[in-house]
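The shown structure was predicted, so the numbers you read here are calculated from the model rather than taken from an experiment. Chain A is the first sequence line, chain B the second, and so forth, proteins listed ahead of strands; every chain is numbered from 1.
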Amino acid sequence: MECRVLSIQSHVVRGYVGNKSASFPLQVLGFEVDSINSVQFSNHTGYSHWKGQVLTADELHVLYEGIKLNNVHQYDYVLTGYTRDTSFLEMVVDIVQELKRANPSLVYVCDPVLGDHGSMYVPQNLYPVYKNKVVPVADIITPNQFEAELLTGKTITSQKDAVEVMDLLHAMGPDTVVITSSDLPPRLGDRFLVSLGSQRHVHPDGSRTTERVRMEVPKVDAVFVGTGDLFAAMLLAWTHHYPNDLKTACEKTFSVMHHVIKRTISYAHELAGPGRRPSPPQLELRMVQSKADIEDPAIVTEAMLIS
Amino acid sequence: MECRVLSIQSHVVRGYVGNKSATFPLQVLGFEVDSINSVQFSNHTGYGHWKGQVLTAEELNVLYEGIKLNNVNHYDYILTGYSRDTSFLETVVDIIKELKRTNPKLVYVCDPVMGDQGAMYVPENLLPVYRDKVVPLADILTPNQFEAEILTGRKIHSVEDAIEVMDLLHKMGPETVVLTSTDLPSTRGDQFLVTLGSQKSVKPDGTNTVQKICLDIPKVDAVFVGTGDLFAAMLLAWTHHHPNDLKSACEKTASVMHHVIKRTIKYANELAGPGKKPNAAQLELRMVQSKADIENPAVVLEARVIQKKNQ
């Protein structure tokens with residue numbers, strides 16, 4: 001498999017978020033990963049302390065120029081996640097557009113990180129950039145419910161609403177949309193959360209269909225950081241292997257997440273000791289230890305086709 | 001295995017040098033790798049063009065402070081390689097000293113990158129810093145012949161010279177020294193280069209012993225970049241698994257190198273086409289494709305024990 005990904009995300013010295021979360025799993029699955037580190041921090045910002053440096057939009061451009069001058073700016077995928085800076089994001093858009101001209105089959109996987117649980121946790125002025133510039137060039141997006149609602153201006157209170165919101169997102173650009181988490185009521189009970197996905201296909205005869213899936217995923221009583229980054233990377237990998245089968249791509253992706261999270265929470269509790277809540281360092285994803293699950297995830301969650 | 005490495009090396013967007021060369025193989029072998037990127041460049045400097053940014057000594061210190069403030073400055077290994085800046089290198093030394101105070105068992109694996117084939121390719125003022133400050137802290141050192149010579153002030157014209165130089169290096173600090181390449185004549189002919197290693201250890205009965213080994217490595221007709229970084233990382237891994245057996249550690253390390261290089265040169269030649277020399281981009285190590293060899297290297301090179309004596 002010769003498949004090259006350009007991933008533009010954070011780097012942390014310690015732990016697994018951003019490029020640290022995405023690179024190893026993709027490499028383990030045989031993808032070549034070129035990575036531009038948008039920041040270098042000691043660790044993620046959920047720890048008590050964090051220190052480091054950010055890359056400016058200009059510096060990003062300089063790095064891209066280096067790649068371009070060597071005529072190696074050919075990518076099959078671009079992957080982006082958490083950003084806090086509008087000029088940086090706009091530079092990313094310019095780069096994606098140029099890379100798409102260099103390779104029209106390029107697939108841009110975008111996690112439109114804006115916020116969660118009803119509030120934004122990035123500067124507000126990123127919202128119009130995502131809505132008007134980023135999402136229109138994306139091919140696969142992985143918003144949570146809040147981000148999906150924000151981008152479309154429509155609230156989700158039922159599965160029907162969710163399907164409409166995903167259709168609105170398709171109309172904005174991406175052929176594949178996965179709402180990674182929602183607060184729709186799960187049928188399996190309140191220890192689960194509902195995720196949904198939608199993929200538009202054009203068939204050889206020119207006809208169009210939309211495949212829609214619903215998954216119920218076990219909730220875990222802990223705050224993980226970097227799981228969204230791992231999700232987007234693994235969705236990239238599994239949609240690559242199952243380009244017209246969102247059901248299978250999602251089952252594999254959600255199953256990997258499950259194995260990594262389960263291993264992580266188990267270890268975190270061992271480290272913290274009985275009756276104690278694990279700390280952010282203790283909750284870092286057990287990425288390296290999950291290599292076998294990443295390579296060949298046992299399917300533990302089944303997706304349902306919905307209309 | 002719970003083993004945490006702090007690796008302070010370059011990052012390239014594309015390709016495999018520095019941290020890009022060291023991290024994936026160590027992670028695949030189950031090591032937790034914390035990485036501080038000393039630079040971020042588009043690609044290594046052997047391409048037609050390269051662009052990017054460097055980390056200052058101050059910025060390095062700030063990153064370390066972040067780790068320290070969270071009380072997670074506990075490492076089993078430190079790994080460093082190519083550096084061009086004396087103040088950066090001196091900050092690295094301070095960090096290592098502090099980490100050794102936190103964990104006295106910490107093993108510092110140091111590739112003292114200064115030059116090759118008789119010439120320095122870093123600023124000259126790095127030599128005294130390596131010689132006087134860095135090497136004394138190192139536990140495992142991977143100089144090539146030129147670097148070993150300038151660190152000790154002695155030239156190597158024979159295996160006996162090499163043995164003396166390795167003993168001098170032991171006296172400066174590191175208990176494990178591997179001369180990664182030399183131009184000593186190989187008993188297997190001129191298609192081979194000679195690698196030597198020396199390890200001091202303490203036996204269960206308390207006496208000291210030194211094991212010296214020698215390997216003949218097939219030469220490859222190409223210039224690779226990042227192979228030294230991969231070598232140091234894999235020597236870290238295999239000395240971890242074979243702590244008192246330099247012979248096995250070197251056989252595994254050299255074998256991994258062989259498999260990766262063989263796969264790389266084959267692919268590079270395919271990309272370049274018949275009769276054409278592959279370029280820098282085409283010669284990037286086939287790292288991801290070599291995962292199985294990294295995890296479990298078939299041993300294809302045998303080391304000879306050349307001297308074992310009790311001291």
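Of residues 224-239 of chain A, not one residue has a non-hydrogen atom less than 4.5 Å from any non-hydrogen atom of chain B. Within residues 42-55 of chain A, the residues having any heavy atom less than 4.5 Å from a heavy atom of chain B are, in residue-number order, A:Ser42, A:Asn43, A:Tyr47, A:Ser48, A:His49, A:Lys51, A:Gly52, A:Gln53, A:Leu55. At a heavy-atom cut-off of under 4.5 Å, chain B is reached by A:Tyr267, A:Pro281 from residues 257-283 of chain A, listed in order of number. When the heavy atoms of residues 84-100 of chain A are compared with those of chain B, none of the residues falls under 4.5 Å.
Between chain A and the options B:Glu65, B:Met1, B:His11, heavy-atom pairs under 4.5 Å are most frequent for B:His11. Among the candidates A:Val12, A:Asn70, A:Leu29, A:Asn19, the residue making the largest number of heavy-atom pairs closer than 4.5 Å to chain B is A:Asn70. Most heavy-atom pairs under 4.5 Å with chain A, from the set B:Ala281, B:Gly48, B:Ser35, B:Ala280: that is B:Ser35.
B:Lys252 NZ: more than 12 foreign heavy atoms inside a 6.0 Å radius. No more than 12 heavy atoms of other residues, nucleotides or ligands lie within 6.0 Å of NZ in B:Lys133, so this atom counts as exposed by the packing criterion.
Neither the backbone nor the side chain of B:Tyr64 comes within less than 4.5 Å of any heavy atom of chain A. Heavy atoms of A:Lys68 lying under 4.5 Å from chain B are absent altogether. Neither the backbone nor the side chain of A:Tyr64 comes within less than 4.5 Å of any heavy atom in chain B. Heavy atoms of B:Gln282 lying under 4.5 Å from chain A are absent altogether.
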message = Using the rule given for side-chain contact (heavy atoms from CB on, under 4.5 Å), can you reason through A:Ile67 versus B:Lys51, listing the C-alpha separation, both sets of side-chain angles and the distance that settles it, and then say yes or no?
response = CA-CA 8 Å; A:Ile67 298 286; B:Lys51 284 192 180 288; over 6 Å; no
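A salt bridge links A:Arg286 with B:Glu2: at least one charged nitrogen is closer than 4.0 Å to a carboxylate oxygen. Residues A:Glu295 and B:Lys291 are paired through a salt bridge, judged by an N-O separation under 4.0 Å between the basic side chain and the carboxylate.
Inspection of the A:Glu32 and B:Gln289 side chains reveals an N or O donor paired with an N or O acceptor under 3.5 Å.
When each of A:Leu63, A:Val33, A:Asp34, A:Leu6 is tested with B:Arg14 by the rule side chain to side chain contact (heavy atoms under 4.5 Å, CB included), just one qualifies, namely A:Asp34. Each of B:Val288, B:Val28, B:Thr23 was compared with A:Gln27 under the side chain to side chain contact (heavy atoms under 4.5 Å, CB included) criterion, and only B:Val288 meets it.
The backbone N or O of A:Ile36 lies less than 3.5 Å from no partner atom in the side chain of B:Gln40, so there is not a single donor-acceptor pair.
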